[in-house]
Amino acid sequence: MHAVAVFPADKRIEVIDDHPEPKLERDTEVLVDMLEIGVCGTDREIARFEYGMPPEGQRHLVLGHESLGRVARTGSAVTRVKPGDLVVTMVRRPCPHETCRACRAGRSDFCFTGDFKERGIKQLHGFMTERVVDDQQYMHVVPASLRAVGVLVEPLTIAEKALIEVWDVQERLPWTAAGSGDGRGQHAVVLGAGPVGLLGALALLLRGFEVWVYSRGAGDSDGAKWVTSAGARYLSSQQFTAAQIAEQIGNIDLVYEATGAAKVSFQMLEVLGTNGVFVFTGVPGRRGPSECEEDLLMRNMVLKNQLVFGTVNAGPDAFANAVEDLASFHTRWPEQLGSLITGRHELPAAIELLTGPPHGLKNVVSFDR
Ligand SMILES: [Zn+2]
Ligand SMILES: [Zn+2]
């Protein structure tokens, strides 16, 4: 089969045509025809050989972790999916250690040891190929009506896991109707206007938050127009400092960071409101020490009851919520949702998407089936 593969030891990336056809080996496994595979910053890092690890004993890693596929065949014990179903397959697989309580509890997204594997990233081949096999337990069915946008489920799970945790921690505030998922009357700032940020903004709007997206693009950029059309407000960092936007917004109850830029994130942390929660999702590069207002940050955290947490990967609950939310987005914001996918490309074009200058929002590799 054709597949997009990196050869880290040779610093080479190419479309190969001899990737072995996957076979159903256990009766709980499912054969999936790939439909679409999203390209994101992680893939581009792997394509620059900064990250990414082939399966043991192999020289290459097939890329791709954001996927939408259609079930072709199922093992005899499969009950979760049936042929013809659209499915999104989860990315991370548990570590082998008996002592890892997270993985043993089915929550490899909280793995203690770091010895998990990830399809398309770490020691397991990814989805940028024609067909894949995986166990049914890692698959989530997507309604047929979401055929055009289902590839966005995986990037949306980042916000979904964050929100599950936000409700958990905000149960500490007795008047917020604990765990209700109701953000009405609360002010949320999304940092960054890439796919992760914009999908997060929709998830927050859906729950009733008032949402401001703070990003680099100018106030009249396409991103800004997108944000406004969805019902959020856009603030350009070219125009406003974090302190200025806090003045406009009032108490900032939640910050959802989706930039991977530490400096602007810590500037925003300085203006987080009373009882506020700050969620980090980005992974910055290492640039060496820099100035940070540690006294101010510590004072605020204590005197304002603030909570700061980071989140990575996602569990089955976040995937289920992502499928459900994507259906709601599709009903409420059909145009905005569709326009997040700015390019559909055949498999060979993936090399340019992965190694060329970044463009558009979400580019996907698409199989015509
Ligand atoms: Zn990704
Ligand atoms: Zn583990």
Side-chain angles (χ1 to χ4, degrees), residues 4 6 13 34-48 50-53 61-69 88-129 132 137-138 140 149-162 192-200 203 256-260 280-284 310-316 318-319 322 326 340-343 345 350 353-355 358-366:
V4 177
V6 280
I13 173 164
M34 278 297 125
L35 297 173
E36 296 201 310
I37 306 99
V39 174
C40 76
T42 301
D43 299 305
R44 291 172 56 84
E45 277 171 33
I46 296 170
R48 288 196 299 268
E50 291 170 14
Y51 197 58
M53 217 188 283
L61 170 75
V62 173
L63 272 167
H65 57 273
E66 304 179 1
S67 76
L68 176 71
V88 171
T89 305
M90 294 170 72
V91 179
R92 192 176 282 191
R93 300 293 171 268
C95 78
H97 307 290
E98 267 325 302
T99 51
C100 182
R101 293 164 68 190
C103 286
R104 301 293 71 78
R107 291 304 301 264
S108 59
D109 56 314
F110 287 110
C111 178
F112 284 95
T113 69
D115 290 339
F116 53 79
K117 295 179 180 180
E118 288 179 329
R119 293 204 67 154
I121 302 173
K122 188 169 177 277
Q123 297 174 294
L124 289 174
H125 288 309
F127 304 125
M128 235 176 247
T129 183
V132 303
Q137 66 176 303
Y138 301 118
H140 292 264
V149 290
V151 71
L152 298 173
V153 165
E154 200 278 342
L156 175 58
T157 59
I158 299 168
E160 298 293 350
K161 178 174 171 183
V196 172
L198 296 179
L199 287 166
Y256 178 68
E257 179 278 320
T259 61
F280 282 107
T281 77
V283 183
T311 171
V312 69
N313 198 254
F319 271 82
L326 203 67
L340 289 178
I341 298 175
T342 45
H345 313 262
L353 292 176
L354 289 159
T355 59
H359 58 86
L361 274 166
K362 177 59 72 186
N363 282 289
V364 304
V365 170
S366 202

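Note that ligands are numbered from 1 as they come in the structure, with each ligand's atoms numbered from 1 the same way.
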Closest to the Zn ion (ligand 1), which N/O/S atom of Glu66 is it?
OE2
With rounding to 10 degrees, Cys103 SG, the Zn ion (ligand 2) and Cys100 SG define an angle of 110°
Calculate the angle formed at the Zn ion (ligand 2) by SG in Cys111 and SG in Cys95; 10° precision is enough.
110°
Got a donor-acceptor contact below 3.5 angstrom from the Ser108 side chain to the Cys103 backbone?
no
Say whether, by atom type as modelled, one donor and one acceptor occur between the side chain of Lys161 and the main chain of Val312 under 3.5 angstrom.
yes
At the Zn ion (ligand 1), what angle lies between atom SG of Cys40 and atom NE2 of His65, rounded to 10 degrees?
100°
Distance from Tyr51 atom OH to Glu45 atom CD, nearest 0.5 Å?
9.0 Å
Suppose we only count N/O/S atoms under 2.8 Å; would His97 qualify as near the Zn ion (ligand 2)?
no
Determine the interplanar angle of the His140 and Phe319 rings, folded into 0 to 90°, and report it as parallel if under 30°, tilted if 30 to 60°, perpendicular if over 60°.
parallel
Check the pair Glu66 / Thr42 against side chain to side chain contact (heavy atoms under 4.5 Å, CB included), numbers first and verdict last.
CA-CA 11 Å; Glu66 304 179 1; Thr42 301; over 6 Å; no
